[in-house]
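One structure is given here, and the rest of the page talks about it.
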Amino acid sequence: MANKPSIPKGTRDFSPTEMLRRQYIFDTIRGVFQKYGFLPIETPAMENLDTLTGKYGEEGDRLIFKILNSGDAWSGVGEEGKKRLANGEVVHPGRFATEVSEKALRYDLTVPFARYVVQHQNEISFPFKRYQIQPVWRADRPQKGRYREFYQCDADVIGSTSLLNEVELVQLFDDVFTVLGLQVVIKINDRKVLSGIAEVSGQPEKVVDIVTALDKLDKIGREKVEEEMRTKGVSEEAIIGIAPLFELKGSWKEQQPILEKWLASSATAKQGLKDLSFTFEAAGTLKSAVLEFDPTLARGLDYYTGAIFEVKAAEGTMPGSICGGGRYDDLTGIFGLKNMSGVGISFGADRIYDVLLETNKFPEQLGSSTKLLFANFGEQEAMHCLKLLRTVREAGIAAELYPDAVKMAKQFKYADDKGIPFVAIIGEQEMKQGIVTVKDMKSGEQKAVKGEELVGLVG
RNA sequence: GUGGUUGUAGCUCAGUUGGUUAGAGCGCCGGAUUGUGAUUCCGGAGGUCGCCGGUUCAACCCCGGUCAUCCACCCCA
């Protein structure tokens, strides 16, 4: 036997049932995006490598899929590298990554979007609201809820610093998950508050270390978080300074005054708290989602400067977040366009799929698109069906004719497997009498109707 | 990059202290029913036991290696 074919680790095939469900998610998100005034764009699967590197932090750079240059890729390697290879030295291929590769698969949709904005700035009228639903690739080790190829559904507003955008995005999250019927918690924080915490603890330069440690709080607990901060060189005084954070409880209304008092000496934190208050207040009462301040929410992406969002499913066992997002004040700056603040969110369609499947939230009728199957009795009957098929389709009903005149059992099984609710049977007798025998596959009942009644019966 | 798990039919998995011919369920194909699926009954096809090597009279089983897989860490949607 030949070797079984397979697909790369962390990638998946999607069969019809899965695709119908995936499209249901995409359609729902797309519909809400458009309702909020976002317009679609697409960018290429691959970007120039230097567009992507340095935007996602150290860890992120390692996870970018690089594409080997065509032709003589070795030609890009410098003299020193060539010498080392010629000497038979063991050199990790990763060392040559930037020399043998100048293209890479996109890692997310935000950075390509920033690139797009800079490149098309003269055609765009700002504030620019775009959405983008495309796959991204990460060279991570796959595990539960983590894939190497997955879809993101992004909506970003760029060219506006108004907090109304944050508010709208919160409401957008709420709308999408209300339609999908999934209970979620929207967690929100602000990078400015995190900076403020580092400030009042006396080690503002350690924000990143403090923040990434805090991010793990609900996973590893307070003690381990403090331990990690110590190993990262955060001082004892600073750790004590951060302590009030662990005591925070309750709703935003209860947390707010405590935070104001604690962080009073930091102007940055003050601004962050003010912004959060506005967002909480303006978002108002949500339809089904819960909006929650989470001071430990940090998010790894380097470019966030203001609000940070994360959505977690309140049902099912998905451990990670299903959406993320935040405000970035200067993402386009790296590409040469200053003073262009943006804020955006991203839906992780694949994780949402996993949660909806686990919690049984997909609508039943996603099963099939075909409503009516014409059984095939032979050449003459098939030609007759072809005409009826045309009128049924004209009436907007998805229908098909079984292409081969095989035995009935096989044709009915086909309808059953495909979830087609009605089968039209037109054999010699029916043709003679000018009727159609229609079988309801669910009840098993059969009815003889005239051809023109077919549309009414099935639709 | 680190640690662990599991690789047996298309799929999900049994397989005893190492013993002759490796099983089940589901699916698939055929028949009972020459115009009726899902249900019922009968029959059939389908396996280099991940791969390579070692121990043994004998290996799906033990040992070593290798590849793949899933899970966890890191990080993330």
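Since we're looking at a predicted model, the values are computed, not measured. Below, chain A is the first sequence line, B the second, and so on; all start at residue 1.
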Rounded to the Å, how far apart are [X] [atom1] and [N] [atom2]?
| X | N | atom1 | atom2 | result |
| --- | --- | --- | --- | --- |
| A:Y56 | B:C76 | OH | C1' | 13 Å |
| A:Y147 | B:C70 | OH | C1' | 12 Å |
| A:D440 | B:G37 | CG | P | 16 Å |
| A:K407 | B:U33 | NZ | P | 12 Å |
| A:E310 | B:C75 | CD | P | 13 Å |
| A:Y402 | B:U36 | OH | P | 15 Å |
| A:K413 | B:G37 | NZ | P | 10 Å |
| A:L373 | B:G35 | CG | C1' | 14 Å |

Whom does [N] pair with, Watson-Crick or G-U wobble, provided both distances fall under 3.5 Å?
| N | result |
| --- | --- |
| B:C62 | B:G54 |
| B:G44 | B:C28 |
| B:C73 | B:G1 |
| B:G23 | B:C13 |

Could you tell me how far [M] sits from [N] if I compare only their [atom1] atoms? Round to whole Å.
| N | M | atom1 | answer |
| --- | --- | --- | --- |
| B:U56 | B:G19 | C1' | 12 Å |
| B:U33 | B:U39 | C1' | 15 Å |
| B:G18 | B:C75 | C1' | 45 Å |
| B:U16 | B:C51 | C1' | 27 Å |
| B:C28 | B:A38 | P | 9 Å |
| B:C60 | B:U8 | C1' | 7 Å |
| B:A32 | B:G7 | P | 42 Å |
| B:C42 | B:C26 | P | 12 Å |

Base of [N] paired with side chain of [X] (donor-acceptor, under 3.5 Å):
| X | N | result |
| --- | --- | --- |
| A:R141 | B:C75 | no |
| A:E428 | B:G35 | no |
| A:E430 | B:G35 | yes |

Counting the atoms with a prime plus P, OP1 and OP2 as sugar-phosphate, which does [X] contact under 4.0 Å by heavy atoms, base, sugar-phosphate, or nothing?
| X | result |
| --- | --- |
| A:D140 | base |
| A:I322 | sugar-phosphate |
| A:Q411 | nothing |
| A:G444 | base |
| A:E228 | nothing |
| A:A409 | sugar-phosphate |
| A:F377 | base |
| A:M408 | sugar-phosphate |

For A:F150 and B:A77, is the gap between ring centres under 5.5 Å while the planes differ by less than 30°?
-> yes
Are there over 12 heavy-atom neighbours, none belonging to [X], within less than 6.0 Å of that residue's [atom1]?
| X | atom1 | value |
| --- | --- | --- |
| A:R390 | CZ | no |
| A:E445 | CD | no |
| A:E428 | CD | no |
| A:M441 | CE | yes |

Centroid-centroid distance, [X] to [Y], less than 6.0 Å:
| X | Y | value |
| --- | --- | --- |
| A:F65 | A:Y107 | no |
| A:F374 | A:Y402 | no |
| A:F347 | A:F33 | yes |

Minimum-distance nucleotide to [X] side chain [options: [options]]:
| X | options | value |
| --- | --- | --- |
| A:K216 | B:G37, B:C75, B:G35 | B:C75 |
| A:K410 | B:C29, B:A38, B:C74 | B:C29 |
| A:I425 | B:G35, B:C73, B:A77 | B:G35 |

Any A:K144 side-chain nitrogen or oxygen under 4.0 Å from OP1 or OP2 of B:C76 = no
For B:G37, take OP1 and OP2 only and decide whether either is under 4.0 Å from a side-chain N or O of A:K439.
-> no
Comparing A:I7 with A:G60, nearest RNA chain B nucleotide closer to 5' gives the residue A:I7
When the nearest nucleotide of RNA chain B is assigned to A:G427 and to A:Q143 on a heavy-atom basis, which residue is associated with the more 5' position?
-> A:G427
For A:K361 and A:E315, what are the C-alpha separation, side-chain angles and deciding distance, and is it a salt bridge (charged side-chain N to carboxylate O under 4.0 Å, His left out)?
-> CA-CA 11 Å; A:K361 302 269 177 169; A:E315 309 170 71; 2.9 Å; yes
